[in-house]
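First up is the structure itself, then whatever we jot down about it.
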Amino acid sequence: MDSGRGAAAASGHGHKGGGGARGEPRRRRGARTGGSQRRGALAAHGHRARPAGRAGEGAGMNGNGVWRRTHDNGSLRPHDVGREVTLMGWVHARRDLGGLVFIDLRDREGVTQVVANPQESDSAAAAAAQVRSEYVIAVRGVVAARPAGTENPKLATGAVEVRARELRVLNPSETPPFSIADDGPVDEAVRLKYRYLDLRRPSMLHRLRLRHRAAKAIRDFLSAEGFLEVETPMLIKSTPEGARDFLVPSRLQAGKFYVLPQSPQLFKQILMVAGVERYFQIVRCFRDEDLRADRQPEFTQVDIEMSFVDRDDVLSLGERMIASVVRETLGRDVALPLPQLTYAEAMARYGTDKPDLRFGMEIHDCSATFRGSQFQIFAQALAAGGVVCGIRVPGAAGYSRREIQELEALAKAAGAAGLVAAPLDPAGVRGPLAKHLSAATDRELRERCGAGAGDLLLFVAGPAPAASAALGRLRLDLVRLRPELRDRVGFDRARLSLVWVVEFPLFERAADGALGAVHHPFTAPLDEDLGALDTQPLSVRANSYDLVLNGVELGGGSIRIHRHDLQQRVFAALGISPGVARERFGFLLDAFQYGAPPHGGIALGFDRMVMLLAGDESIREVIAFPKTQSATDLMTGAPSEVDPAALEEAHIRVRLD
RNA sequence: GGGGGCGUGGUGUAGCCUGGUUUAACACACCUGCCUGUCACGCAGGAGAUCGCGGGUUCAAAUCCCGUCGCUCCCGCCA
């Protein structure tokens, strides 16, 4: 720190006392100057551990009690010329021309140029010369039109400037560790440590504002639709399903724990039994799982539940809400109703249950074409009950051997056994596959994939879900890694491509072979599949839905089971005995004995929603105080050890191994 | 739990692959002086880095190797 450079610098300001505060030299320059403390007597300074010996502040330095801000820094226009104004804010930039000093003064609303001219105010000019980046200052002066030719069209306020009569430093600032004004790339760890400075940057303030506007749009929309915002508890009973819980020890009940909610799922269903009919909450949820760009241990959901509705009612509500949010934040229209894909279609055409529909390159099932093929790889896969899937990469027939190998590596990383590449010339398929194709199958293949000369076909053979999933990943990798493809496949990054994915399976086979709920155990099966519930549970489709935006799962929901007999059958299929069900969900089952209305709902990831609206690739950008990938808070240092007495009271003994 | 990327003055980067002409370079920021119409102000001067940390190889390590820490992307995980 104070390395002594410029030790003499803080001396010798010819300060004029005249009502103006002087800029206060920053610590680096001023620390060694010694001298008396002429600090203002006010308490405002008392708690600031500034180094001793700084040139003192004048009597007028004590905060902003005397002045009142009249305008923000984004609002002055030519019609304000001649008006006496008081502005406050942070020093965005200072340009000292020697005598004449320009200060770009920034606050939340914008930037206004302040001019300090010694011919107009000696004291203001002297103070302005001492000011540095990120000092908080107050300026009193007169709005003037800028001299012809010096207007700045880049600033909303660029036609005018404020001629300073008085300038006060309300608070000096250390040199910030990174530029607030530049708003350029900075290592994320540094940004997180100094999050208060990071958030000060205009782009981050914009994100906070965007988030607020999205939340407000949601509240306005749902309120108008008759929803009640109801809060649910944060300290709740553990229900061992799904993600790992965050534990909260109970002091009063030794050895027992609350957990933080993974979602308000049970409570919102209880609220339906309670007759609330239309509930929503913008609510924090907690899941102790590994982090990703779109996953934080605490995140925010828009949680919605409605009574006396069917699936279409929920979808309509959900998509109208999203359209409203997009309109209120981006001013863009979303065409309704949104398209719907069944889960089966999504998997077949895009290899994923959250397809990115901003571009084509769909997956084609070419199994029929290759049935009976002499090409061993395909023949074996088909004989084993698998499939052969392909995608057409337009204009990629010229990819080199090396490029193809890179694609194969990606496919293998995505779970494919291999990748067969077939470039097309005007005569048809070339490459290793060509000699195993008759003219008829060659043509059939091209027709099936919509491919022509110059295109590249990529095939994966294997079990149905794995083969299409691998191609689905490859499809995404291709537009990510090969920019030249984006135009050819119609990829538009700015598009908002919303789609409902419906009819998920009700159950899935877990790794241990047990049957598990894809969504949660209160999800209703589709009526038409009820018959198979006890005989072929894996074939039963759920009355559920996910909302997908640009390949990101925004959220999902379902129509719930509200009848006791059906719930028993689902529990039975899941292998949840009545005793276990009672232990885990007893209060919900009890509630359902007293007249549960038909109901359903949806929960949307609010952070992800705002991230996509902002065009960001990580929800950390739209969370004011996010955690790192290792779930630490670099600003506060959480998590940390706690006072042993607190552990004692919580009946916790810590063991490290 | 596993795989990949990154870590060099305050910030962003180059240098690393191929060890030695590097006294670790550049831009921005910072400090000093000059400068009355700038808005990427300009000009001149200056300070600031034992190259994340530890160990090893070598005559010699920012550079090669091993370990470790931090950040990050992904797989697993996330009903």
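The chains referred to below are lettered A, B, ... by the order of the sequence lines, with proteins before strands, and numbering in each begins at 1. Reckoned from all heavy atoms, side chains included, excluding hydrogens, waters and symmetry mates.
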Might you work through the side chain to side chain donor-acceptor pair (under 3.5 Å) test for A:D356 and A:N550, ending with a clear yes or no?
CA-CA 5 Å; A:D356 187 341; A:N550 293 354; 5.9 Å; no
Checking N1-N3 plus N6-O4 or O6-N4 for Watson-Crick, or N1-O2 and O6-N3 for wobble, each under 3.5 Å, the partner of B:rA25 is B:rU13
Using a heavy-atom cut-off of under 4.0 Å over every strand shown, decide if A:P177 touches base, sugar-phosphate, or nothing.
sugar-phosphate
Applying salt bridge (Lys or Arg N to Asp or Glu O under 4.0 Å) as the test, list every pair that has at least one member in residues 622-635 of chain A; sequence neighbours left out.
A:E298-A:K627
Per the atom types in the model, does the base of B:rC77 pair as donor or acceptor with the side chain of A:R287 at under 3.5 Å?
no
Nucleotide N/O to protein N/O under 3.5 Å, stretch nucleotides 40-42 of chain B:
{"residue": "B:rA40", "atom": "OP2", "partner": "A:K154", "partner atom": "NZ", "Å": "2.9"}
{"residue": "B:rC41", "atom": "N4", "partner": "A:D96", "partner atom": "O", "Å": "2.3"}

Winner on side-chain proximity to A:Q113, out of B:rC30, B:rC28, B:rC39, is B:rC39
Can you list the residues that meet the side-chain hydrogen bond (donor to acceptor under 3.5 Å, both in side chains) rule with A:D477, with sequence neighbours excluded?
A:R480
Using the C1' atom as the point on both nucleotides, what is the distance between B:rU72 and B:rC26, in whole Å?
26 Å
Gap in Å between the two C1' atoms, one belonging to B:rG52 and one to B:rU58, rounded
23 Å
Between B:rA29 and B:rC43, how far apart are the two P atoms, rounded to whole Å?
12 Å
C1' spacing across the pair B:rC75 / B:rA14, given as an integer number of angstrom
33 Å
Taking only residues two or more places apart in sequence, or in another chain, which ones meet A:A189 in a side chain to side chain contact (heavy atoms under 4.5 Å, CB included)?
A:D187, A:L634
Who are the side chain to side chain contact (heavy atoms under 4.5 Å, CB included) partners of A:T300, not counting sequence neighbours?
A:R211, A:I282, A:R284, A:F606, A:D607
Separation of atom CD in A:E174 from atom P in B:rA29, rounded to whole Å:
19 Å
Under 5.5 Å and under 30°: A:F178 stacked on B:rU11
no
Considering Watson-Crick and G-U wobble pairs with both distances under 3.5 Å, what does B:rC64 pair with?
B:rG56
Phosphate-side-chain proximity, A:S133 and B:rA29, N/O vs OP1/OP2 below 4.0 Å:
no
Partners passing side-chain hydrogen bond (donor to acceptor under 3.5 Å, both in side chains) against A:R311 (at least two apart in sequence or in another chain):
none
In B/S/- notation (B base, S sugar-phosphate only, - none; protein heavy atoms under 4.0 Å), nucleotides 68-76 of chain B written 5' to 3' is ---SBBSBB
Using the six-membered ring wherever Trp is involved, compare the ring planes of A:Y196 and A:Y194 and label them parallel, tilted or perpendicular (cut-offs 30° and 60°).
perpendicular
Inter-nucleotide P distance (B:rA62, B:rU50), Å rounded:
12 Å
Using the P atom as the reference point in each nucleotide, state the distance between B:rG15 and B:rG9 in Å, no decimals.
16 Å
Using a heavy-atom cut-off of under 4.0 Å over every strand shown, decide if A:V111 touches base, sugar-phosphate, or nothing.
nothing
List for me each residue that meets ring pair (Phe, Tyr, Trp, His ring centres under 6.0 Å) alongside A:F504, sequence neighbours excluded, and say none if there are none.
A:Y343
Angle class for the A:F286/A:F246 ring planes (parallel below 30°, perpendicular above 60°, tilted otherwise)?
perpendicular
What residues form a ring pair (Phe, Tyr, Trp, His ring centres under 6.0 Å) with A:Y258, not counting sequence neighbours?
none
Tell me the partner of B:rC71, counting only Watson-Crick (N1-N3 plus N6-O4 or O6-N4) or G-U wobble (N1-O2 and O6-N3) with both under 3.5 Å; none if nothing fits.
B:rG5
A:E289 has a side chain; which of B:rG37, B:rC78, B:rG12 sits nearest to it?
B:rC78
